[in-house]
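Chain identifiers are assigned alphabetically (A, B, ...) following the order of the sequence lines, protein sequences preceding nucleic acid strands; residue numbering begins at 1 within each chain.
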Protein chains: 2
Amino acid sequence: MLLTLLGVSNADREPRRSSRQEARRAATRAEILEAAWELVREHGLAALSLRDLAARVGMRAPSLYSYFDSKHALYDAMFADGYRQALAELDPSGPDDTRRALKAWARTFFDFCNADPVRAQLMFQRPVPGWEPSPDAYAPSVEFLERTRRAFAARGITDPQDLDLWTALLSGLVSQQLANEPGGDRWARLVDRVCDMYVNDIETKHKERQ
Amino acid sequence: MLLTLLGVSNADREPRRSSRQEARRAATRAEILEAAWELVREHGLAALSLRDLAARVGMRAPSLYSYFDSKHALYDAMFADGYRQALAELDPSGPDDTRRALKAWARTFFDFCNADPVRAQLMFQRPVPGWEPSPDAYAPSVEFLERTRRAFAARGITDPQDLDLWTALLSGLVSQQLANEPGGDRWARLVDRVCDMYVNDIETKHKERQ
DNA sequence: GTCTATAGGGTGATAGAC
DNA sequence: GTCTATCACCCTATAGAC
(Lines give C-alpha, C1' and ligand atoms only; values in the text may rest on other atoms or scores of the structure.)
Protein backbone atom coordinates (compact mmCIF):
# COMPACT_ATOMS: atom_id res chain seq x y z
CA MET A 1 0.00 0.00 0.00
CA LEU A 2 2.83 2.31 0.83
CA LEU A 3 4.45 1.11 -2.36
CA THR A 4 1.32 1.95 -4.28
CA LEU A 5 1.44 5.43 -2.81
CA LEU A 6 4.98 5.78 -4.04
CA GLY A 7 3.97 4.63 -7.48
CA VAL A 8 5.87 1.33 -7.51
CA SER A 9 3.03 -1.14 -7.70
CA ASN A 10 4.38 -2.73 -10.88
CA ALA A 11 5.29 -5.92 -9.01
CA ASP A 12 2.98 -7.87 -11.35
CA ARG A 13 4.93 -7.46 -14.54
CA GLU A 14 8.37 -7.35 -12.89
CA PRO A 15 10.52 -10.33 -11.84
CA ARG A 16 9.71 -11.66 -8.40
CA ARG A 17 11.53 -9.81 -5.65
CA SER A 18 11.74 -10.18 -1.91
CA SER A 19 9.88 -7.50 0.01
CA ARG A 20 13.29 -6.35 1.23
CA GLN A 21 14.47 -5.78 -2.33
CA GLU A 22 11.21 -4.19 -3.25
CA ALA A 23 11.44 -1.71 -0.40
CA ARG A 24 14.99 -0.81 -1.41
CA ARG A 25 13.84 -0.28 -4.95
CA ALA A 26 10.95 1.88 -3.89
CA ALA A 27 13.25 3.98 -1.77
CA THR A 28 15.60 4.57 -4.68
CA ARG A 29 12.68 5.43 -6.93
CA ALA A 30 11.46 7.95 -4.39
CA GLU A 31 14.96 9.38 -4.14
CA ILE A 32 15.15 9.83 -7.91
CA LEU A 33 11.73 11.46 -7.92
CA GLU A 34 12.75 13.91 -5.22
CA ALA A 35 15.93 14.79 -7.12
CA ALA A 36 13.86 15.35 -10.25
CA TRP A 37 11.65 17.83 -8.39
CA GLU A 38 14.75 19.66 -7.17
CA LEU A 39 16.12 19.95 -10.68
CA VAL A 40 12.93 21.22 -12.29
CA ARG A 41 12.52 23.74 -9.49
CA GLU A 42 16.00 25.00 -10.34
CA HIS A 43 15.97 24.92 -14.14
CA GLY A 44 12.38 24.59 -15.31
CA LEU A 45 10.26 21.62 -16.28
CA ALA A 46 11.29 21.25 -19.89
CA ALA A 47 14.99 21.57 -19.03
CA LEU A 48 15.17 18.32 -17.10
CA SER A 49 17.85 15.99 -18.46
CA LEU A 50 18.52 12.41 -17.46
CA ARG A 51 22.24 13.07 -17.18
CA ASP A 52 21.70 15.85 -14.65
CA LEU A 53 19.20 13.76 -12.79
CA ALA A 54 21.50 10.75 -12.61
CA ALA A 55 24.37 12.91 -11.42
CA ARG A 56 22.18 14.36 -8.68
CA VAL A 57 21.55 10.89 -7.22
CA GLY A 58 25.11 9.66 -7.83
CA MET A 59 24.41 7.49 -10.85
CA ARG A 60 25.01 7.49 -14.59
CA ALA A 61 22.15 8.20 -16.90
CA PRO A 62 21.56 4.64 -18.17
CA SER A 63 21.08 3.36 -14.63
CA LEU A 64 17.90 5.38 -14.33
CA TYR A 65 16.30 3.04 -16.83
CA SER A 66 16.25 0.39 -14.12
CA TYR A 67 13.73 2.56 -12.30
CA PHE A 68 11.85 4.39 -15.05
CA ASP A 69 11.16 3.02 -18.52
CA SER A 70 11.65 6.40 -20.18
CA LYS A 71 11.73 10.08 -19.56
CA HIS A 72 8.01 10.25 -20.19
CA ALA A 73 7.48 7.63 -17.48
CA LEU A 74 9.39 9.91 -15.15
CA TYR A 75 7.13 12.86 -15.97
CA ASP A 76 4.17 10.54 -15.44
CA ALA A 77 5.46 9.64 -11.99
CA MET A 78 6.00 13.30 -11.12
CA PHE A 79 2.53 14.20 -12.33
CA ALA A 80 0.94 11.49 -10.20
CA ASP A 81 3.20 12.43 -7.30
CA GLY A 82 1.97 16.01 -7.42
CA TYR A 83 -1.65 14.92 -7.15
CA ARG A 84 -0.80 12.48 -4.35
CA GLN A 85 0.73 15.38 -2.45
CA ALA A 86 -2.39 17.41 -3.11
CA LEU A 87 -4.59 14.58 -1.86
CA ALA A 88 -2.47 14.34 1.27
CA GLU A 89 -2.34 18.09 2.00
CA LEU A 90 -5.72 19.36 0.86
CA ASP A 91 -8.83 18.31 2.74
CA PRO A 92 -12.00 19.55 1.06
CA SER A 93 -14.14 18.95 4.14
CA GLY A 94 -14.19 21.76 6.69
CA PRO A 95 -16.57 23.92 8.70
CA ASP A 96 -20.29 23.53 8.11
CA ASP A 97 -20.51 27.12 6.95
CA THR A 98 -19.87 26.89 3.21
CA ARG A 99 -18.42 30.36 2.94
CA ARG A 100 -15.81 29.72 5.62
CA ALA A 101 -15.06 26.23 4.34
CA LEU A 102 -14.47 27.42 0.78
CA LYS A 103 -12.21 30.22 1.99
CA ALA A 104 -10.11 27.84 4.04
CA TRP A 105 -9.84 25.36 1.21
CA ALA A 106 -9.11 28.03 -1.41
CA ARG A 107 -6.36 29.51 0.68
CA THR A 108 -4.77 26.11 1.24
CA PHE A 109 -4.96 25.34 -2.46
CA PHE A 110 -3.50 28.71 -3.38
CA ASP A 111 -0.61 28.18 -0.97
CA PHE A 112 -0.06 24.67 -2.27
CA CYS A 113 0.40 26.03 -5.80
CA ASN A 114 2.40 29.06 -4.76
CA ALA A 115 4.73 27.00 -2.59
CA ASP A 116 5.95 25.05 -5.62
CA PRO A 117 5.11 26.80 -8.89
CA VAL A 118 6.76 24.16 -11.03
CA ARG A 119 4.67 21.43 -9.47
CA ALA A 120 1.54 23.46 -10.17
CA GLN A 121 2.72 24.02 -13.74
CA LEU A 122 3.13 20.29 -14.28
CA MET A 123 -0.23 19.48 -12.71
CA PHE A 124 -2.42 22.15 -14.25
CA GLN A 125 -0.81 23.13 -17.55
CA ARG A 126 0.67 21.11 -20.39
CA PRO A 127 4.20 22.54 -20.36
CA VAL A 128 6.34 19.70 -21.75
CA PRO A 129 6.16 19.46 -25.55
CA GLY A 130 5.50 15.90 -26.63
CA TRP A 131 4.37 14.66 -23.26
CA GLU A 132 0.96 14.26 -21.73
CA PRO A 133 0.06 12.19 -18.70
CA SER A 134 -0.65 8.49 -19.35
CA PRO A 135 -4.01 7.05 -18.22
CA ASP A 136 -2.25 5.42 -15.26
CA ALA A 137 -0.76 8.70 -14.15
CA TYR A 138 -4.16 10.34 -14.38
CA ALA A 139 -5.64 8.19 -11.62
CA PRO A 140 -4.72 10.42 -8.65
CA SER A 141 -5.75 13.47 -10.65
CA VAL A 142 -9.19 12.00 -11.25
CA GLU A 143 -9.49 11.08 -7.59
CA PHE A 144 -8.61 14.64 -6.64
CA LEU A 145 -11.32 16.12 -8.85
CA GLU A 146 -13.85 13.53 -7.73
CA ARG A 147 -13.19 14.33 -4.10
CA THR A 148 -13.75 18.01 -4.79
CA ARG A 149 -16.96 17.20 -6.62
CA ARG A 150 -18.27 15.19 -3.69
CA ALA A 151 -17.38 17.89 -1.18
CA PHE A 152 -19.31 20.46 -3.22
CA ALA A 153 -22.26 18.11 -3.66
CA ALA A 154 -22.38 17.68 0.12
CA ARG A 155 -22.90 21.44 0.32
CA GLY A 156 -25.65 21.39 -2.26
CA ILE A 157 -23.51 22.62 -5.17
CA THR A 158 -24.15 20.09 -7.90
CA ASP A 159 -24.37 22.08 -11.15
CA PRO A 160 -21.25 21.21 -13.19
CA GLN A 161 -21.11 24.81 -14.39
CA ASP A 162 -20.79 25.94 -10.78
CA LEU A 163 -17.80 23.64 -10.40
CA ASP A 164 -16.24 24.88 -13.63
CA LEU A 165 -16.70 28.40 -12.33
CA TRP A 166 -15.00 27.51 -9.07
CA THR A 167 -11.97 25.97 -10.79
CA ALA A 168 -11.73 28.97 -13.10
CA LEU A 169 -11.76 31.43 -10.20
CA LEU A 170 -9.07 29.58 -8.29
CA SER A 171 -6.88 28.89 -11.29
CA GLY A 172 -7.12 32.56 -12.24
CA LEU A 173 -5.77 33.74 -8.91
CA VAL A 174 -3.05 31.12 -9.01
CA SER A 175 -2.01 31.70 -12.61
CA GLN A 176 -1.75 35.46 -12.16
CA GLN A 177 0.28 35.00 -9.01
CA LEU A 178 2.65 32.49 -10.61
CA ALA A 179 3.09 34.42 -13.84
CA ASN A 180 3.60 37.87 -12.34
CA GLU A 181 4.94 37.44 -8.84
CA PRO A 182 5.80 33.80 -8.10
CA GLY A 183 5.89 33.10 -4.40
CA GLY A 184 4.37 36.49 -3.53
CA ASP A 185 0.97 37.42 -2.13
CA ARG A 186 -0.46 40.07 -4.43
CA TRP A 187 -3.30 37.78 -5.57
CA ALA A 188 -3.37 35.79 -2.34
CA ARG A 189 -5.02 38.82 -0.76
CA LEU A 190 -7.94 38.43 -3.17
CA VAL A 191 -8.76 34.83 -2.28
CA ASP A 192 -11.38 35.63 0.38
CA ARG A 193 -12.99 38.24 -1.82
CA VAL A 194 -13.31 35.81 -4.71
CA CYS A 195 -14.84 33.18 -2.45
CA ASP A 196 -17.42 35.70 -1.26
CA MET A 197 -18.21 36.64 -4.84
CA TYR A 198 -18.66 32.97 -5.65
CA VAL A 199 -20.94 32.15 -2.74
CA ASN A 200 -22.96 35.33 -3.32
CA ASP A 201 -23.46 34.33 -6.93
CA ILE A 202 -24.55 30.79 -6.10
CA GLU A 203 -26.93 31.98 -3.38
CA THR A 204 -28.49 34.58 -5.66
CA LYS A 205 -28.98 31.92 -8.31
CA HIS A 206 -30.75 29.63 -5.83
CA LYS A 207 -33.03 32.42 -4.59
CA GLU A 208 -34.02 33.33 -8.12
CA ARG A 209 -35.13 29.77 -8.75
CA GLN A 210 -37.53 29.78 -5.85
CA MET B 1 6.50 54.01 -38.12
CA LEU B 2 5.30 50.97 -39.94
CA LEU B 3 8.74 49.58 -39.44
CA THR B 4 8.52 50.28 -35.75
CA LEU B 5 5.23 48.42 -35.67
CA LEU B 6 6.93 45.46 -37.27
CA GLY B 7 9.71 45.57 -34.73
CA VAL B 8 12.51 46.60 -37.05
CA SER B 9 13.37 49.98 -35.64
CA ASN B 10 17.03 49.08 -35.12
CA ALA B 11 18.08 51.37 -37.95
CA ASP B 12 20.22 53.33 -35.48
CA ARG B 13 22.79 50.67 -34.74
CA GLU B 14 22.66 49.04 -38.19
CA PRO B 15 24.55 50.10 -41.31
CA ARG B 16 22.79 52.74 -43.38
CA ARG B 17 20.27 51.28 -45.79
CA SER B 18 18.03 52.69 -48.48
CA SER B 19 14.36 52.74 -47.57
CA ARG B 20 13.89 50.22 -50.36
CA GLN B 21 16.32 47.81 -48.75
CA GLU B 22 14.85 48.48 -45.37
CA ALA B 23 11.33 47.64 -46.54
CA ARG B 24 12.59 44.41 -48.08
CA ARG B 25 14.28 43.52 -44.85
CA ALA B 26 11.19 44.26 -42.80
CA ALA B 27 9.10 42.10 -45.10
CA THR B 28 11.47 39.16 -44.70
CA ARG B 29 11.51 39.63 -40.94
CA ALA B 30 7.72 39.57 -40.90
CA GLU B 31 7.74 36.45 -43.03
CA ILE B 32 10.09 34.69 -40.63
CA LEU B 33 7.95 35.74 -37.72
CA GLU B 34 4.82 34.36 -39.35
CA ALA B 35 6.59 31.06 -40.07
CA ALA B 36 7.70 30.90 -36.45
CA TRP B 37 4.09 31.26 -35.29
CA GLU B 38 3.06 28.46 -37.63
CA LEU B 39 5.73 26.16 -36.26
CA VAL B 40 4.99 26.76 -32.59
CA ARG B 41 1.29 26.29 -33.27
CA GLU B 42 2.17 22.89 -34.74
CA HIS B 43 4.83 21.64 -32.33
CA GLY B 44 4.70 23.74 -29.18
CA LEU B 45 6.60 26.81 -28.05
CA ALA B 46 9.65 25.13 -26.60
CA ALA B 47 10.04 22.85 -29.61
CA LEU B 48 10.90 25.64 -32.04
CA SER B 49 14.22 25.06 -33.79
CA LEU B 50 16.09 27.44 -36.04
CA ARG B 51 16.71 24.73 -38.62
CA ASP B 52 13.00 24.00 -38.96
CA LEU B 53 12.22 27.68 -39.08
CA ALA B 54 14.79 28.35 -41.78
CA ALA B 55 13.49 25.43 -43.85
CA ARG B 56 9.96 26.81 -43.59
CA VAL B 57 11.01 30.09 -45.18
CA GLY B 58 13.38 28.46 -47.70
CA MET B 59 16.64 29.38 -46.00
CA ARG B 60 19.40 27.68 -44.08
CA ALA B 61 19.64 28.22 -40.36
CA PRO B 62 22.63 30.61 -40.30
CA SER B 63 20.84 33.03 -42.62
CA LEU B 64 18.30 33.74 -39.91
CA TYR B 65 21.02 35.50 -37.98
CA SER B 66 20.88 38.30 -40.52
CA TYR B 67 17.39 39.04 -39.19
CA PHE B 68 17.49 38.00 -35.56
CA ASP B 69 20.54 38.15 -33.30
CA SER B 70 19.65 34.96 -31.47
CA LYS B 71 16.85 32.58 -30.72
CA HIS B 72 15.95 34.65 -27.68
CA ALA B 73 15.64 37.72 -29.88
CA LEU B 74 13.17 35.75 -31.97
CA TYR B 75 11.07 34.91 -28.91
CA ASP B 76 11.26 38.58 -27.95
CA ALA B 77 9.91 39.57 -31.34
CA MET B 78 7.10 37.03 -31.09
CA PHE B 79 6.20 38.22 -27.60
CA ALA B 80 6.01 41.83 -28.75
CA ASP B 81 4.14 40.75 -31.86
CA GLY B 82 1.49 39.04 -29.76
CA TYR B 83 0.83 42.20 -27.79
CA ARG B 84 0.78 44.29 -30.96
CA GLN B 85 -1.92 41.99 -32.29
CA ALA B 86 -3.80 42.38 -29.04
CA LEU B 87 -3.53 46.15 -29.25
CA ALA B 88 -4.84 46.04 -32.80
CA GLU B 89 -7.74 43.66 -32.13
CA LEU B 90 -8.90 44.53 -28.61
CA ASP B 91 -10.52 47.89 -28.00
CA PRO B 92 -11.18 48.50 -24.31
CA SER B 93 -13.60 51.34 -25.00
CA GLY B 94 -17.20 50.34 -25.63
CA PRO B 95 -20.78 51.07 -24.55
CA ASP B 96 -21.34 53.52 -21.71
CA ASP B 97 -22.91 50.80 -19.63
CA THR B 98 -19.96 49.28 -17.76
CA ARG B 99 -21.54 45.87 -17.43
CA ARG B 100 -22.15 45.55 -21.15
CA ALA B 101 -18.76 47.01 -22.05
CA LEU B 102 -16.89 44.59 -19.79
CA LYS B 103 -18.81 41.65 -21.19
CA ALA B 104 -18.02 42.64 -24.75
CA TRP B 105 -14.38 43.19 -23.99
CA ALA B 106 -14.04 40.00 -21.93
CA ARG B 107 -15.56 37.92 -24.68
CA THR B 108 -13.25 39.43 -27.26
CA PHE B 109 -10.25 38.82 -25.04
CA PHE B 110 -11.31 35.25 -24.34
CA ASP B 111 -11.70 34.58 -28.05
CA PHE B 112 -8.36 36.20 -28.79
CA CYS B 113 -6.65 33.76 -26.42
CA ASN B 114 -8.68 30.75 -27.44
CA ALA B 115 -8.10 31.40 -31.13
CA ASP B 116 -4.35 30.94 -30.70
CA PRO B 117 -3.51 29.13 -27.46
CA VAL B 118 0.21 29.14 -28.11
CA ARG B 119 0.23 32.89 -28.57
CA ALA B 120 -1.61 33.27 -25.26
CA GLN B 121 0.85 30.91 -23.62
CA LEU B 122 3.78 33.01 -24.79
CA MET B 123 2.14 36.26 -23.72
CA PHE B 124 0.75 35.29 -20.33
CA GLN B 125 2.89 32.45 -19.03
CA ARG B 126 6.64 31.88 -18.88
CA PRO B 127 6.81 28.68 -20.91
CA VAL B 128 10.31 28.76 -22.42
CA PRO B 129 13.01 27.72 -19.94
CA GLY B 130 15.87 30.19 -19.95
CA TRP B 131 14.00 32.94 -21.75
CA GLU B 132 12.11 35.93 -20.47
CA PRO B 133 11.09 38.98 -22.46
CA SER B 134 13.71 41.71 -22.76
CA PRO B 135 12.80 45.25 -21.63
CA ASP B 136 12.40 46.26 -25.28
CA ALA B 137 9.99 43.45 -25.96
CA TYR B 138 7.96 44.45 -22.93
CA ALA B 139 7.00 47.82 -24.37
CA PRO B 140 3.81 46.74 -26.18
CA SER B 141 2.85 44.62 -23.18
CA VAL B 142 3.12 47.65 -20.91
CA GLU B 143 1.10 49.72 -23.34
CA PHE B 144 -1.59 47.06 -23.40
CA LEU B 145 -1.92 47.02 -19.62
CA GLU B 146 -1.81 50.81 -19.45
CA ARG B 147 -4.62 51.09 -21.96
CA THR B 148 -6.72 48.69 -19.90
CA ARG B 149 -5.96 50.70 -16.77
CA ARG B 150 -7.11 53.92 -18.43
CA ALA B 151 -10.30 52.34 -19.74
CA PHE B 152 -11.18 51.15 -16.24
CA ALA B 153 -10.30 54.51 -14.71
CA ALA B 154 -12.69 56.17 -17.17
CA ARG B 155 -15.42 53.99 -15.66
CA GLY B 156 -14.47 54.91 -12.13
CA ILE B 157 -12.56 51.71 -11.35
CA THR B 158 -9.24 52.93 -10.02
CA ASP B 159 -8.35 50.61 -7.15
CA PRO B 160 -5.36 48.51 -8.31
CA GLN B 161 -6.81 45.53 -6.44
CA ASP B 162 -9.93 45.78 -8.57
CA LEU B 163 -7.77 45.55 -11.66
CA ASP B 164 -5.82 42.60 -10.28
CA LEU B 165 -9.13 40.93 -9.58
CA TRP B 166 -10.28 41.55 -13.14
CA THR B 167 -7.13 40.08 -14.68
CA ALA B 168 -7.39 37.07 -12.36
CA LEU B 169 -10.99 36.39 -13.35
CA LEU B 170 -10.25 36.57 -17.06
CA SER B 171 -7.02 34.61 -16.91
CA GLY B 172 -8.81 31.94 -14.90
CA LEU B 173 -11.46 31.38 -17.55
CA VAL B 174 -8.82 31.38 -20.26
CA SER B 175 -6.36 29.12 -18.49
CA GLN B 176 -9.00 26.52 -17.69
CA GLN B 177 -10.25 26.60 -21.26
CA LEU B 178 -6.78 26.24 -22.74
CA ALA B 179 -5.62 23.54 -20.33
CA ASN B 180 -8.72 21.36 -20.45
CA GLU B 181 -10.44 21.95 -23.76
CA PRO B 182 -8.32 24.16 -26.06
CA GLY B 183 -10.42 25.82 -28.71
CA GLY B 184 -13.69 24.78 -27.06
CA ASP B 185 -16.36 26.82 -25.29
CA ARG B 186 -16.93 25.14 -21.91
CA TRP B 187 -15.57 28.16 -20.03
CA ALA B 188 -16.56 30.67 -22.69
CA ARG B 189 -20.14 30.19 -21.52
CA LEU B 190 -19.14 31.52 -18.09
CA VAL B 191 -17.71 34.82 -19.32
CA ASP B 192 -20.90 36.85 -18.91
CA ARG B 193 -21.59 35.36 -15.51
CA VAL B 194 -18.12 36.25 -14.28
CA CYS B 195 -18.49 39.82 -15.54
CA ASP B 196 -21.76 40.14 -13.66
CA MET B 197 -20.12 38.81 -10.50
CA TYR B 198 -17.34 41.34 -10.93
CA VAL B 199 -19.58 44.35 -11.46
CA ASN B 200 -21.87 43.29 -8.61
CA ASP B 201 -18.88 43.06 -6.31
CA ILE B 202 -17.52 46.47 -7.27
CA GLU B 203 -20.93 48.11 -6.95
CA THR B 204 -21.52 46.55 -3.54
CA LYS B 205 -18.14 47.80 -2.42
CA HIS B 206 -18.94 51.35 -3.54
CA LYS B 207 -22.33 51.33 -1.80
CA GLU B 208 -20.79 50.14 1.46
CA ARG B 209 -18.43 53.07 1.42
CA GLN B 210 -21.21 55.59 1.29
C1' DG C 1 21.96 -2.82 -10.93
C1' DT C 2 25.38 -0.34 -12.45
C1' DC C 3 28.69 0.61 -15.48
C1' DT C 4 31.21 2.13 -20.18
C1' DA C 5 30.62 2.89 -24.79
C1' DT C 6 28.06 4.36 -28.32
C1' DA C 7 24.29 4.78 -31.61
C1' DG C 8 21.79 8.21 -33.79
C1' DG C 9 19.90 11.82 -33.39
C1' DG C 10 19.22 16.78 -32.00
C1' DT C 11 20.60 21.93 -30.76
C1' DG C 12 22.37 27.19 -31.17
C1' DA C 13 25.84 29.61 -32.95
C1' DT C 14 30.10 31.07 -35.76
C1' DA C 15 33.80 31.40 -39.67
C1' DG C 16 34.59 32.44 -43.96
C1' DA C 17 33.75 31.79 -49.09
C1' DC C 18 30.90 33.78 -52.65
C1' DG D 1 22.60 37.92 -47.48
C1' DT D 2 23.13 33.47 -48.16
C1' DC D 3 25.62 29.64 -48.30
C1' DT D 4 28.63 25.31 -46.63
C1' DA D 5 31.11 23.47 -43.11
C1' DT D 6 31.75 22.96 -38.62
C1' DC D 7 32.31 23.70 -33.59
C1' DA D 8 30.88 22.32 -29.33
C1' DC D 9 27.85 20.97 -27.16
C1' DC D 10 23.13 18.70 -25.86
C1' DC D 11 19.85 14.77 -25.71
C1' DT D 12 17.33 9.81 -25.03
C1' DA D 13 18.03 5.26 -25.39
C1' DT D 14 20.35 0.71 -25.97
C1' DA D 15 24.09 -3.12 -25.97
C1' DG D 16 26.77 -5.72 -23.43
C1' DA D 17 30.57 -6.35 -19.82
C1' DC D 18 30.90 -7.01 -14.90
Residues that A:Phe144 engages under ring pair (Phe, Tyr, Trp, His ring centres under 6.0 Å), provided they are two or more places apart: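 Counting only residues at least two positions away or on another chain, A:Phe144 forms a ring pair (Phe, Tyr, Trp, His ring centres under 6.0 Å) with A:Tyr83.
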Any residue meeting ring pair (Phe, Tyr, Trp, His ring centres under 6.0 Å) with B:Tyr138, in chain and number order, not counting sequence neighbours: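 Listed in chain order: B:Phe79.
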Can you name the residues that form a side-chain hydrogen bond (donor to acceptor under 3.5 Å, both in side chains) with [X], not counting sequence neighbours?
X	result
B:Arg56	B:Glu38, B:Glu42
A:Arg41	A:Glu34, A:Asp116
B:Asp91	B:Ser93
B:Trp37	B:Asp81

Residues in contact with DNA chain C, drawn from residues 41-60 of chain B - heavy-atom cutoff 4.0 Å: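 Heavy-atom contacts with DNA chain C come from B:Leu48, B:Ser49, B:Leu50, B:Arg51.
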Flag for B:Trp187-B:Asn180: side-chain donor and acceptor within less than 3.5 Å: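 Per modelled atom types, B:Asn180 and B:Trp187 side chains form no pair under 3.5 Å.
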Of all pairs that satisfy salt bridge (charged side-chain N to carboxylate O under 4.0 Å, His left out), the ones with a partner from residues 160-169 of chain B, not counting sequence neighbours: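 Of all non-adjacent pairs touching residues 160-169 of chain B, those that pass salt bridge (charged side-chain N to carboxylate O under 4.0 Å, His left out) are A:Arg186-B:Asp164, A:Arg193-B:Asp162, B:Asp162-B:Lys205.
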[X] has an atom [atom1]; how far is it from atom [atom2] of [N], in whole Å?
X	N	atom1	atom2	value
A:Lys71	D:dC10	NZ	P	14 Å
A:Leu74	D:dA13	CG	P	10 Å
A:His72	D:dT12	NE2	C1'	10 Å
A:Tyr65	D:dA13	OH	C1'	5 Å

Terminal contacting nucleotides, 5' and 3', DNA chain C versus chain B (heavy atom, 4.0 Å):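 So the contact region on DNA chain C extends C:dT11 to C:dT14.
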